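Report on the following structure.
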Amino acid sequence: MRLILASASPRRLALLGQIGVVPAAVDPADIDEQPRKAELPPHYAARVAAEKGVLVAARHADALVLSGDTVVAAGRRILPKAESEEEARACLQLLSGRRHRVLSAVTLIDADGKARHRLSTNIVIFKRLDRVEIDAYLASGEWRGKAGGYAIQGRAAGFICDIQGSHSAIVGLPLYETRALLRAAGYPCD
Ligand SMILES: Cc1cn([C@H]2C[C@H](O)[C@@H](COP(=O)(O)OP(=O)(O)OP(=O)(O)O)O2)c(=O)[nH]c1=O
C-alpha cells in the first residue's frame, strides 16, 4: 500500500520515520490557511488538516494520504506561523509566563476516499520570559515558520516548564494517533 505524506514539513517526515514509517512519496498541499471569522482553534486545526488531505488525495488514486496541521492557541486566539521577528516577538510576549494549547490534527484518507481524523490537544507552560531571553531567541531564527513563534524541539525547550500531552504532537505530528489511523486503514506499522 502506497503512503503519501501531504506535507512540506521536514519535521513531519522525521517524526513518521521515528515510528518506522517511510512514505512512498511526499507531496505537499498548498492551501489557504487563513482562519475563518470566529473559528475556534480545534475546528481550525481539524479543518486545515482535512483540506490538505483532500487536495492531495485527488492527485493520488489508490494511495493512502496522510496530512496534519499544528496550531498554537491562547484561549480562543489562533497564533500565526511567525514569518517576521515582530510577529514572533508578539507571540513570545503573549506566551510568556502562561499556559497555552497546542492542537495537532491528523487526517488519513484511504484509497476508497474514506477520511479518518484525530485531534491531539496538548498544554504547554512557558516560564516568564525577560527581554534578554526573547531577544536571544529571536536571534536564533528558530521561530521562523513555526506556529506560535517557537519550536519545542530546539532552544525553546529551555523555556518550557511543563507539557501535558504528546511531545510529537507539539512538534507537528501526534505519533500515537497517527499510528492508530494507519493501522485502522490496514497500513503495516510493525
Ligand atoms: C509549536 C510548534 C510548532 N512547530 C511547527 C510544526 C509545523 O511545521 C508548524 C505548523 O505549521 P503547519 O501548517 O502545521 O505545517 P507546515 O506548514 O510546516 O507544513 P504542511 O502544511 O506542508 O504540512 O509549526 C514546531 O516545529 N515545533 C513546535 O514546538
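Side chains are part of it too, since the values below use all heavy atoms of this structure and drop only hydrogens, waters and symmetry mates. Computed from a predicted model, the values in this text were never measured in an experiment. Remember, it's 1-based here, ligands and their atoms both numbered in the order they're listed.
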>> Under 4.0 Å between a side-chain nitrogen and a carboxylate oxygen: does that hold for R116 and D110?
In response: yes
>> Give the residues near ligand 1 by chain and number, with the criterion being a heavy-atom distance under 4.0 Å.
In response: S7, A8, S9, R11, R12, E33, K52, D69, T70, V72, K81, G145, K146, A147, Y150, A151, I152, Q153, I170, V171
> Would Y150 and F159 count as a close aromatic pair, with their ring centres under 6.0 Å?
Replying inline: no
> Can D190 and R183 be counted as an ion pair, charged N to O under 4.0 angstrom?
Replying inline: yes
>> Walk me through whether D69 and Y44 qualify under side chain to side chain contact (heavy atoms under 4.5 Å, CB included).
In response: CA-CA 9 Å; D69 196 69; Y44 170 71; 4.2 Å; yes
> So does E33 pair up with K52, basic N to acidic O under 4.0 Å?
Replying inline: yes
>> Working note: R12 + T70, criterion side chain to side chain donor-acceptor pair (under 3.5 Å); need CA distance, chi angles, decisive distance, verdict.
In response: CA-CA 11 Å; R12 293 209 167 101; T70 302; 3.1 Å; yes
